Amino acid sequence: MVRRVSILGATGSIGQNTIDLIRRAPLDYDVVALTGAGNIGQLARDAIELKADIAVTARDDLLDDLRAALKGSGVQAAAGATAICEAAARPADWIMSAIVGAAGLAPGLAALRHGTTLALANKESLVCAGALMLETAQTHGARILPVDSEHSAIFQALIGEDAAAVERIIITASGGAFRDWPLEKLAEATLAQASSHPNWDMGQRITIDSASMFNKAMEVIETHEFFAIQPDQIEVLVHPQSMIHALVGFHDGALMAHVGPADMRHAIGFALHYPQRRHLPVERLDLAAIGQFEFRTPDEQRWPALRLARETIAAGGMTGTVFNAAKETALDGFIAGRVGFTAMADVVAQTLEDKTASDGLIGATMTLDNVLRVDHLARKAAKAAIDKRAG
Ligand code: NDP
Ligand code: MG
């Protein structure tokens with residue numbers, strides 16, 4: 001059966017890996033919508049090759065460029081945040097949510113309202129509005145399948161298991177670019193150094209978040225939201241080889257581990273074919289050649305982001321929205337050269353403490369409007385914290 005698919009964030013790292021899988025079996029898929037932002041050339045090329053109905057850029061100012069690139073192809077062009085939500089709402093059987101940042105929330109919700117299967121790479125939408133995402137899926141008979149490698153691993157380890165028998169979940173972290181750096185050098189880490197990952201080839205933002213452990217901090221929140229498990233049951237383990245992605249521990253002491261190559265096409269392909277398992281073009285691990293797996297407890301002094309994530313879960317309500325917005329703003333600051341590497345965690349901590357970051361909305365009903373309002377206020381508070389630090 002031909003399946004209708006859309007890819008939100010098609011021009012990014014996850015989007016391109018998704019296209020790689022779809023391209024291998026073009027007759028199986030009817031591509032509805034592809035979305036991107038600045039990379040018009042890639043967006044147009046892929047939309048034409050995959051015969052998408054529509055290509056959408058988030059950037060209004062690039063609509064003419066997109067139109068020109070699609071001219072004569074029969075693919076429609078559109079631009080802007082609203083157009084992305086409209087594209088996400090077009091009927092499709094499977095939609096990949098791979099926009100980076102909180103910008104992925106509204107399109108993800110628009111897709112869920114149409115009862116689709118949403119393959120969720122955009123972890124920010126679970127961190128900033130987990131309850132709203134899950135409730136929207138439930139109300140509209142939609143399904144969310146995790147694409148983040150750790151959460152795909154947990155999901156796979158839980159198949160056929162009794163969720164009530166789960167004692168703990170362990171997610172692994174490579175440790176990122178600065179795993180073995182001396183602590184005192186971290187503050188001086190440069191953008192170029194933070195943008196290179198030892199094991200994974202990913203977008204720049206998540207690569208930097210891996211070095212600061214903010215990526216893992218987000219994933220702790222994501223695990224709590226998606227699997228309804230308490231923070232004291234979630235452990236983070238540094239595992240430099242990035243081959244065991246997560247482990248689920250049960251009441252009888254058993255640990256079910258998911259082992260696979262550091263290639264996102266595994267988790268993407270699992271979500272694409274679920275509930276079947278199909279052949280995927282990923283490396284087959286030669287365990288004898290690998291020899292050994294290492295594990296370490298993460299040093300919370302090196303990576304304060306992990307503590308901030310646990311505090312965020314404990315505070316509840318829309319604190320996750322503040323956490324995510326502050327993290328995105330601090331990361332923007334680091335990329336722009338205004339915030340030092342270790343100062344990113346200080347900016348997030350200060351924003352979490354700042355009452356103006358939520359204007360008393362932390363405990364309010366989680367609607368999209370409220371989330372966007374808190375997101376806006378938290379970004380403002382984080383910017384103020386950055387300005388103050390810059391003096
Ligand atoms: P990239 O930066 O590579 O790609 C991001 C995508 O989002 C691009 O298509 C980009 O368009 C688009 N985009 C950027 N800004 C906006 C905006 N304001 N509105 C709409 N679209 C926008 O990111 P990744 O692919 O690395 O990550 C995507 C998501 O998946 C993130 O949430 C990340 O945390 C998550 N993830 C990624 C993993 C990975 O291996 N990369 C692993 C696990 C999770 P353009 O490029 O055209 O500007
Ligand atoms: Mg991950």
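Start at 1 and go down the list; that is how both ligands and their atoms are numbered. Not measured: the values here are computed from a predicted model.
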Are any of the side-chain nitrogens in [X] or [Y] under 4.0 Å away from the carboxylate oxygens of its partner?
{"X": "Lys123", "Y": "Asp148", "answer": "yes"}
{"X": "Arg310", "Y": "Asp232", "answer": "no"}
{"X": "Asp46", "Y": "Arg23", "answer": "yes"}
{"X": "Arg379", "Y": "Asp375", "answer": "yes"}

Quick one: look up the protein heavy atom nearest [atom] and list residue, atom name and how far away it is.
{"atom": "atom 25 (O) of ligand 1", "result": "Ile14 N, 2.9 Å"}
{"atom": "atom 34 (O) of ligand 1", "result": "Lys123 CE, 3.3 Å"}
{"atom": "atom 48 (O) of ligand 1", "result": "Gly38 N, 2.8 Å"}
{"atom": "atom 20 (C) of ligand 1", "result": "Ala58 CB, 3.5 Å"}
{"atom": "atom 36 (N) of ligand 1", "result": "Ile206 CD1, 3.6 Å"}
{"atom": "atom 32 (O) of ligand 1", "result": "Glu124 OE1, 2.6 Å"}
{"atom": "atom 9 (O) of ligand 1", "result": "Thr11 OG1, 2.7 Å"}
{"atom": "atom 21 (N) of ligand 1", "result": "Ile99 CG2, 3.5 Å"}

Exercise for the section: May I ask you to check whether over 12 heavy atoms, not counting those of Arg389, lie within 6.0 Å of atom CZ? Expected result: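 Enclosed.
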Below the 3.5 angstrom mark, is there an N/O of [X], backbone or side chain, next to an N/O of ligand 1?
{"X": "Asp201", "answer": "no"}
{"X": "Gly15", "answer": "no"}
{"X": "Ala37", "answer": "yes"}
{"X": "Ser149", "answer": "no"}

Practice task
If the plane angle is over 60° it's perpendicular, under 30° parallel, otherwise tilted; pick one for His239 and Phe293.
Solution key: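 Rings of His239 and Phe293: perpendicular, as their planes differ by over 60°.
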Exercise for the section: Can you label the angle between the Phe341 ring and the Phe178 ring as parallel, tilted or perpendicular, going by 30° and 60°? Expected result: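 If you compare the ring of Phe341 with that of Phe178, the planes turn out perpendicular.
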Minimum non-hydrogen distance to [atom], winning option of [options]:
{"atom": "atom 18 (N) of ligand 1", "options": "Ala267, Ala103, Gly203, Ala121", "value": "Ala103"}
{"atom": "atom 41 (N) of ligand 1", "options": "Met202, Glu222, Glu219, His197", "value": "Met202"}
{"atom": "atom 23 (O) of ligand 1", "options": "Leu120, Asn17, Thr57, Val100", "value": "Val100"}

Practice task
For Arg205 and ligand 1, answer yes if some heavy atom of the residue is under 4.0 Å from a ligand atom, otherwise no.
Solution key: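 No, Arg205 has no heavy atoms under 4.0 Å from ligand 1.
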Handout entry: Non-hydrogen atom of Ala98 closer than 4.0 Å to ligand 1
Key =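 Judged by the 4.0 Å heavy-atom criterion, Ala98 does count as contacting ligand 1.
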Practice task
Could you tell me the separation between the CG atom of Leu247 and the CD1 atom of Ile171, rounded to the nearest 0.5 Å?
Solution key: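 It comes to 11.0 Å.
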Exercise for the section: Please round to the nearest 0.5 Å and tell me the distance separating atom NE2 of His273 and atom NE2 of His279. Expected result: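 Reported to 0.5 Å precision, the distance equals 10.5 Å.
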Handout entry: Residues forming a salt bridge (charged side-chain N to carboxylate O under 4.0 Å, His left out) with Arg168, sequence neighbours excluded
Key =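 Listed in chain order: Glu235.
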Exercise for the section: State which residue, out of Glu150, Glu222, Glu300, fulfils the salt bridge (Lys or Arg N to Asp or Glu O under 4.0 Å) condition with Lys216. Expected result: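 Looking at Glu150, Glu222, Glu300, the match for Lys216 under the salt bridge (Lys or Arg N to Asp or Glu O under 4.0 Å) is Glu150.
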Considering the heavy atoms of [X], write down every atom of ligand 1 situated less than 4.0 Å from one of them.
{"X": "Ile84", "value": "20 (C)"}
{"X": "Asn39", "value": "45 (P), 47 (O), 48 (O)"}
{"X": "Asp148", "value": "43 (C), 44 (C)"}
{"X": "Gly12", "value": "1 (P), 3 (O), 4 (O), 8 (C), 9 (O), 25 (O)"}

What side-chain donor-acceptor pairs closer than 3.5 Å can you find for residues 25-35, not counting sequence neighbours?
residue, atom, partner, partner atom, Å
Thr35, OG1, Gly9, N, 2.9

Do [X] and [Y] have side-chain atoms, one donor and one acceptor, less than 3.5 Å apart?
{"X": "Glu167", "Y": "Gln233", "value": "no"}
{"X": "Glu328", "Y": "Asn324", "value": "yes"}
{"X": "Gln156", "Y": "Arg277", "value": "yes"}

Problem - Contacts of the Mg ion (ligand 2) with protein N/O/S atoms, counting only those under 2.8 Å - result: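 You should have found Asp148 OD1, Glu150 OE1, Glu219 OE2.
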Problem - Residues that Tyr274 engages under ring-ring contact (aromatic ring centres under 6.0 Å, His included), provided they are two or more places apart - result: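 If we apply the ring-ring contact (aromatic ring centres under 6.0 Å, His included) test to Tyr274, skipping adjacent residues, the hits are Phe155, Phe270.
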